[in-house]
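Structure, as structure tokens:
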Number of protein chains: 2
Amino acid sequence: MNTLRALQWAHTVILRTLEREMEAEGLPLAWFDVLIHLAEAPDGQLRMQDLAGSIVMSPSGLTRLIDRMEKADYVTRQRTAEDRRGAYAVITPKGKAELERIWPIHLRGIEQHFATNVDDADVPALYAALSRIIAGVEGPTGSYASD
Amino acid sequence: MNTLRALQWAHTVILRTLEREMEAEGLPLAWFDVLIHLAEAPDGQLRMQDLAGSIVMSPSGLTRLIDRMEKADYVTRQRTAEDRRGAYAVITPKGKAELERIWPIHLRGIEQHFATNVDDADVPALYAALSRIIAGVEGPTGSYASD
DNA sequence: ATAAATTGCTTGCACAAGCAAGTATCAGCA
DNA sequence: TGCTGATACTTGCTTGTGCAAGCAATTTAT
């Protein structure tokens with residue numbers, strides 16, 4: 001219980017801080033998340049639902065997020081003949097460039113607000129514990145990639 | 001970085017699940033958070049800003065949250081002569097009753113979605129690591145109570 | 001072959017949250 | 001006392017999110 005509360009606190013405070021930093025840089029954290037997941041995916045594309053799962057957002061939320069990002073020319077939607085209901089979100093060159101730009105800034109933020117405060121010795125245990133939690137909540141069908 | 005991502009995942013998935021459960025029970029998680037912090041405070045009251053700090057919410061967000069909860073008669077605002085700018089949020093009997101009602105349900109949810117998946121051996125390390133993170137982000141002025 | 005059920009994404013709607021600006025009160029100092 | 005600045009909360013506005021419903025394409029069953 002207290003551990004859960006600590007988890008919530010740690011998350012909220014860190015993420016809020018990072019979010020503000022990113023926003024100040026002109027790229028909301030959610031946008032960054034999308035870009036990085038796409039950049040890491042083969043061909044820089046992901047089905048909408050897979051992407052929604054990866055960044056833990058509702059389908060409708062993702063639809064609008066991609067709407068905005070498409071307007072900014074960071075991603076494109078690509079429909080495929082193979083299943084004409086579905087759509088891929090594809091990262092654009094501009095999206096890639098933006099990701100390159102923001103990446104070091106974001107890393108610095110993480111270093112400053114998170115990594116600094118983690119005892120090196122804690123990391124493996126922390127990571128292992130969190131992974132187990134995730135695996136448990138998700139069940140065998142989970143889409144969390146522990147890359 | 002991956003550890004941070006794991007933190008984010010674990011938090012988001014668990015909290016989202018709990019939130020849906022609570023909402024189904026008729027008490028949003030945020031309301032529960034407010035109630036429990038008030039119930040734990042001396043005289044069941046807390047200054048608005050302290051409460052905002054405790055549940056990690058912006059002052060404006062808390063104002064409206066308390067507005068809603070006041071309408072539901074779970075809390076009251078009480079202004080004091082000592083400093084007429086400030087206000088206390090005070091838990092009402094109805095609020096306490098609601099907390100009693102929801103508490104076991106929430107605990108069961110935590111057990112099911114969180115505690116089950118945490119290796120008992122992990123807990124101390126996990127808690128310690130998270131606490132260090134929190135302390136680091138917060139600085140010496142932090143308002144996180146590790147009760 | 002065709003109707004029914006399912007899937008994949010998109011819209012209508014309502015709501016909660018944050019930022020910036022506003023208001024009232026208090027503290028410090030000439 | 002009377003100003004100046006800080007504090008504590010509240011309000012106006014904008015935005016992002018989720019749920020429920022909708023639409024189109026696809027699969028399943030008859």
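Order of the sequence lines sets the chain letters (A, B, ...), proteins ahead of strands, with each chain counted from 1.
One atom, CG of Leu46(A), and another, P of dG8(C), lie 14 Å apart when rounded to the nearest Å. Separating the CG atom of Leu65(A) from the P atom of dT11(C) is a distance of 15 Å, rounded to the nearest angstrom. Atom-to-atom, CD of Glu19(B) to C1' of dA16(C) comes out at 11 Å; the value is rounded to the nearest Å. In this structure, the OH atom of Tyr88(B) is 9 Å from the P atom of dC9(D), given to the nearest Å. The nearest whole Å value for the distance from the CG atom in Leu62(A) to the C1' atom in dC19(D) is 16 Å. Here the C1' atom of nucleotide dG16(D) and the CD atom of Glu23(A) are 10 Å apart, to the nearest Å. In this structure, the CZ atom of Arg16(A) is 9 Å from the C1' atom of dA17(C), given to the nearest Å. Atom pair Arg84(B):CZ and dA27(C):P shows a separation of 12 Å (rounding to whole Å applied).
Looking only at atom types and distance, the side chain of Glu21(A) has a donor-acceptor partner in the side chain of His113(A) under 3.5 Å away.
Of the residues listed (Thr76(B), Ile91(B), Val90(B)), the one engaging Gln45(B) in a side chain to side chain contact (heavy atoms under 4.5 Å, CB included) is Val90(B), and it is the only one.
Glu23(B) places no side-chain N or O within 3.5 Å of a backbone atom of Leu29(B) that could act as its donor or acceptor partner. Arg84(B) places no side-chain N or O within donor-acceptor distance of the main-chain N or O of Arg79(B), the cut-off being under 3.5 Å.
Closest to the Gln49(B) side chain, of the nucleotides dA17(C), dA8(D), dC9(C), is dA8(D). Checked against dT11(D), dA17(C), dC9(C), the side chain of Met57(B) finds its nearest nucleotide in dA17(C). Listed nucleotides: dC19(C), dG12(C), dT25(C). Nearest to the side chain of Ser58(B): dC19(C). Residue Ala87(A) places its side chain closer to dC9(C) than to any other of dT17(D), dC19(C), dC9(C).
The side chain of Arg47(B) contributes an N or O atom lying less than 4.0 Å from OP1 or OP2 of dC9(D). Proximity of Arg68(B) to the phosphate of dA16(C): a side-chain N or O atom is located under 4.0 Å from OP1 or OP2. Phosphate proximity of dT10(C) to Arg77(A): present, with a side-chain N or O under 4.0 Å from OP1 or OP2.
Both Arg20(A) and Arg85(A) lie near DNA chain C, and the one whose nearest nucleotide falls closer to the 5' end is Arg85(A). The 5' end of DNA chain D is approached more closely, in terms of each residue's nearest nucleotide, by Pro28(A) than by the other of Asp83(A) and Pro28(A).
For a distance-only test at 3.5 Å, the side chain of Arg64(A) qualifies as a donor-acceptor partner of the base of dG12(C). Side chain Ser60(A) to base dC19(D): a donor-acceptor pair is found below 3.5 Å.
Classified by interplanar angle (parallel below 30°, tilted 30° to 60°, perpendicular above 60°), the ring pair Trp103(A)/Phe32(A) is parallel.
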